[in-house]
Amino acid sequence: MATYSLANERLRALEDIEREIGAILQNAGTAILELSKEKTNERLLDRQAAAFTTSVQHVEAELSAQIRYLTQVATGQPHEGSSYSSRKDCQMALKRVDYARLKISDVARTCEQMLEN
């Protein structure tokens, strides 16, 4: 269950980042709209620019954290929220079993042919 809560936490963090990107676009749109006016409200423009910069820095930091997490999980290093390594080990074990089964059937076939002759 800890894996599910960790995954849900990661998804919530990505949703927060997505909302923050929406706010960035809104701030940029407001700033552009203000710049298109003949007489601009410099205080509003400064507030929107500051909010834009702060949001971009926050999104950059959060995305970097997400990328670091994904890099750690994808490299096969032990991680409490990752089952990738275990799944890969299981897949490889199943492939070895299939290969052993194939070789044993080849040996059995060869033995049967030798007994027939």
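Position 1 is the first residue of the sequence, and the numbers go up from there. On a predicted model such as this, the values are computed, not experimentally measured, just so you know.
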Mind jotting down which residue pairs meet the salt bridge (charged side-chain N to carboxylate O under 4.0 Å, His left out) criterion with at least one end in residues 105-117? Sequence neighbours excluded, please. Asp106-Arg109
Pairs satisfying salt bridge (charged side-chain N to carboxylate O under 4.0 Å, His left out), at least one member in residues 46-72, at least two apart: none
Table please: side-chain donor-acceptor pairs of residues 15-23 below 3.5 Å, with sequence neighbours left out.
{"unit_1": "Asp16", "atom_1": "OD1", "unit_2": "Arg19", "atom_2": "NH2", "d": "2.3"}
{"unit_1": "Glu20", "atom_1": "OE2", "unit_2": "Ser55", "atom_2": "OG", "d": "2.9"}

Might you work through the side-chain contact (heavy atoms from CB on, under 4.5 Å) test for Val59 and Gln57, ending with a clear yes or no? CA-CA 6 Å; Val59 165; Gln57 289 171 346; over 6 Å; no
Sort and list the pairs that fulfil side chain to side chain donor-acceptor pair (under 3.5 Å) and have at least one residue in residues 90-105, not counting sequence neighbours. Asp98-Arg101
Joint cluster assignment, Leu14 & Val56, ILVMFWY side-chain distance < 4.5 Å: yes
For residues Phe52 and Asn27, report the shortest heavy-atom separation together with the two atoms involved. N-ND2, 3.8 Å
Apart from Leu11 itself, members of its ILVMFWY cluster (side-chain separation under 4.5 Å) are none
I'd like a table of donor-acceptor pairs (distance under 3.5 Å, sequence neighbours excluded) in which one partner is a side-chain atom from residues 28-37, with atom names and distances.
{"unit_1": "Thr30", "atom_1": "OG1", "unit_2": "Gln26", "atom_2": "O", "d": "2.9"}
{"unit_1": "Glu34", "atom_1": "OE1", "unit_2": "Lys37", "atom_2": "NZ", "d": "3.2"}
{"unit_1": "Glu34", "atom_1": "OE2", "unit_2": "Asn41", "atom_2": "N", "d": "2.6"}
{"unit_1": "Ser36", "atom_1": "OG", "unit_2": "Leu33", "atom_2": "O", "d": "2.6"}

